[in-house]
Amino acid sequence: MNKRMKRLALGAATAALMTMGSFAPAMADTVLKFISWQTDDAGTGEWWRSAIAEFEKQHPGVKIEFTKAERSSYADTMTTLFAANQPPQIVHLASFEFQMFADSGWLEPLDPWLKKDGIDMTGWAGQQKCEWNGETVCIMTNYFGFVMAYNKKILDAAGVAVPKTYEEFLAAAKATTKDLNGDGIIDQFGTGHETKGGPGQYLTEMLNYIIDAKAYWTDKDGNITIDTPEMVEGLTRWKTVMKSGVSPVDMSASDVRKLFADGKMAMRLDGPWLYGTTEKGSAKSDIVYAAPPLTPPLGGSSNVLAMPSDIPDDQKQLVWDFIKLTMTPEFQRSYATMGGNTPPSPKADVSGVEKTIPHFPILIQTMKEAAAAGIDRVPTGLELFYNEFSKMVMEETQRMIIQDLDPADVAKTMQAKAESIKG
Amino acid sequence: MTDTVQAGRRKFFDLARPSRQHLLGYILIAPAVLMVAAIIIWPLVLAIDLSFQQVKIPRLGGASRPFSVSNYTWLFSSEEFWLACWVTLKLVVVVTAGSVAVGLSTALLANNRFKGRTIARLGMALPWAVPEIIAVVIFAWMFDTSFGLFGWLAIQLGFTGQMIPWVSSSTAAFWAVAITMVWKGFPFVSIMCLAGLQSIPSDYYAAAKVDGANVWQRFRWITMPLLMPVLGVTLVLTLLWVFRDFSIIKVLTGGGPLRSTQTLSIMTYDQAFQYHNFGRAAAVGVLTLVICIVASLLMLGRRSKSIY
């Protein structure tokens, strides 16, 4: 019995020593956790990886663990990590979700870091959205403008010109929506809107029509401005589009993009990321990008980089070095060349990008137009309640469509409910 | 003297002695009890504690907020909570009834002798074996409003002239969720009932036949009474499953449209992760737990009477 015990103890000690030995080199490295939903995005994922590779080259012994979390559950994942005191060192968040983290005091104010390195953020697109309670808590990574992509073959077959206004857009969408094989099921749509991706996405899709009608949820001081004739017009347009059957319903964004990329849809209003999907679609050669017929173009802040306030100082320095690296003119340029995105830095040299991405000048143009018009998806004054607000608007809009309600009455209801949410 | 003390200690720790056997039992189950306490009881205590605090996002190890019943006050005065209770109740009744009807019917069928019975039994259990999330994604494709199989079938069979908006109509969305849940839930009822049916002695049926009882009478007076103990437990387990199920609704409808499929579990999730009101979410969770306990006690308390 004793012998057996001794053998067991010896075996366990050897195994423990061997295991510890194999961990030793890993423990010597500092590992920074970086969670993102963009790891597999065509172009953008590669851009992040190139920044990580450069950072690791500049910081021997420091590794960045780049992990994917699905966009649909991203906010849940980050909330859980922060609540469990285990936030990633490099914090990547959507521009409509960082406010809750900032409001809880979990994001490090970046003004001292910017000041220390003498970084001037003047002209950095969308950066003002990163200010929370008078402090800069993040760096805007992406600011975009919507474009319209259309299938030339489908428009030509229907004898329709490229639309320049909402009325032309609706007419073109109706003319190109068809049941091609006569089985009673529409198999070619005029346009497509995502209505299954959650309230935030639903509002983004609606907003195309609402800002074209010169309406918005709040004014620049944060007052609710829903009960206006312009908003009634915007809601009427959305209701018309959704009820006329020109868009498939209950589809996720990726399904809608795939339908368009495969030639089952005539027109699609979308951000710069559509290009990655259309490049892989079977209708690639028929797809053309143009300025959207709805003006000003929908656009705004997309995602931000930040750092947690309660990590050790040496890690804060490393995280700041990484953020700073992504802000350099070189990486801002490769954000365009590699990722096909519009870089927010005013110093980014984007000359020649159109050689690889022909519609890049349109992306820059719509981004600038959206920025000039002060367009953003997150309404001023409702940042902390965006999820609740967007769910309310989505529900009231669905009610309007399902129960065929008057948009004027719906606008009144939304106004009252929005004021109640804001408190 | 020392020998006497050592002998006494040895006697105390002699777990083979009949008087010490209960001690051995406690020692053996201690790791499992501690594990259960760590993963069930501790979070439960945290949730109850959280439900009495006005907290947006809590932080592990963070300072507690003052005691408050405001989450419960909000809950009972909230239209959303009562609507979620109503939707949950509707879903529990419809899905439990549907699962029992389909499950019992298939069990009765599979209990007969016929060619291909093994394959039929295998097919019957298949939905239970498919992981829930995969089953729901498949159903989501079939219920797709633009290209889904069910819409296409409805057109081909002449029930409608256009695709059915399964997820953007309140009534259709509720039935889409209910159908998916019945499909996923009936095999469990079926397997349990089949086990119950096989334990009924065939002599009872033979005697009833001699007495001239027809099929319905045999089912009514032999099968059902003897199946009730199994069916009772199955009903409680099915009911609890419908109560707590989240993934089917979340993937199919997300609780919409117009909250027509928002159950208490979806409401808990929304309050926690959509609106970041963890205090309120904990309050919904605690109340759901209380409702589940009461429902289970009521159902398990009704012991079926054996008539034979």
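Each chain gets a letter, A, B and so on, in the order the sequences are listed, and its residues count up from 1.
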Problem set entry | Parallel, tilted or perpendicular: rings of Tyr74(A) and His92(A) (30°, 60°) | perpendicular
For this session: Sort Leu259(A) into side chain, backbone, both or neither according to what part of it lies under 4.5 angstrom from a heavy atom of chain B.
Result: side chain
Exercise. Is the Phe81(B) ring parallel, tilted or perpendicular to the Phe76(B) ring (thresholds 30°, 60°)?
Worked result: perpendicular
Exercise. Do the rings of Tyr269(B) and Phe246(B) sit parallel, tilted or perpendicular, given the 30° and 60° boundaries?
Worked result: tilted
Exercise. Where on Phe143(B) is there a heavy atom nearer than 4.5 Å to chain A: the side chain, the backbone, both, or neither?
Worked result: neither
For this session: Could you tell me whether Lys184(B) and Glu132(B) make a salt bridge, using a distance below 4.0 angstrom between a side-chain N and a carboxylate O?
Result: no
Problem set entry | Pick from Ser168(B), Ser170(B), Ser169(B) with the largest number of heavy-atom pairs that fall under 4.5 Å of chain A | Ser168(B)
For this session: Determine the interplanar angle of the Phe101(A) and Trp106(A) rings, folded into 0 to 90°, and report it as parallel if under 30°, tilted if 30 to 60°, perpendicular if over 60°.
Result: tilted
Exercise. Should Glu396(A) and Thr413(A) be marked as a side-chain hydrogen bond (donor to acceptor under 3.5 Å, both in side chains) after you check the CA-CA gap, both sets of side-chain angles, and the distance that decides it?
Worked result: CA-CA 8 Å; Glu396(A) 293 310 318; Thr413(A) 310; 5.0 Å; no
Problem set entry | Most chain A-contacting option - heavy-atom pairs closer than 4.5 Å, from Asp270(B), Thr253(B), Val167(B), Asn277(B) | Val167(B)
For this session: Check each atom of Phe385(A) against the heavy atoms of chain B and say whether the ones under 4.5 Å are side chain, backbone, both or neither.
Result: neither
Exercise. Can you say whether Met251(A) sits under 4.5 Å from chain B via the side chain, the backbone, both, or neither, judging by heavy atoms?
Worked result: side chain
Problem set entry | Atom group of Leu258(B) that falls short of 4.5 Å from chain A, counting heavy atoms | both
For this session: Could you tell me which portion of Ile186(A) (side chain, backbone, both or neither) has an atom closer than 4.5 angstrom to a non-hydrogen atom of chain B?
Result: backbone
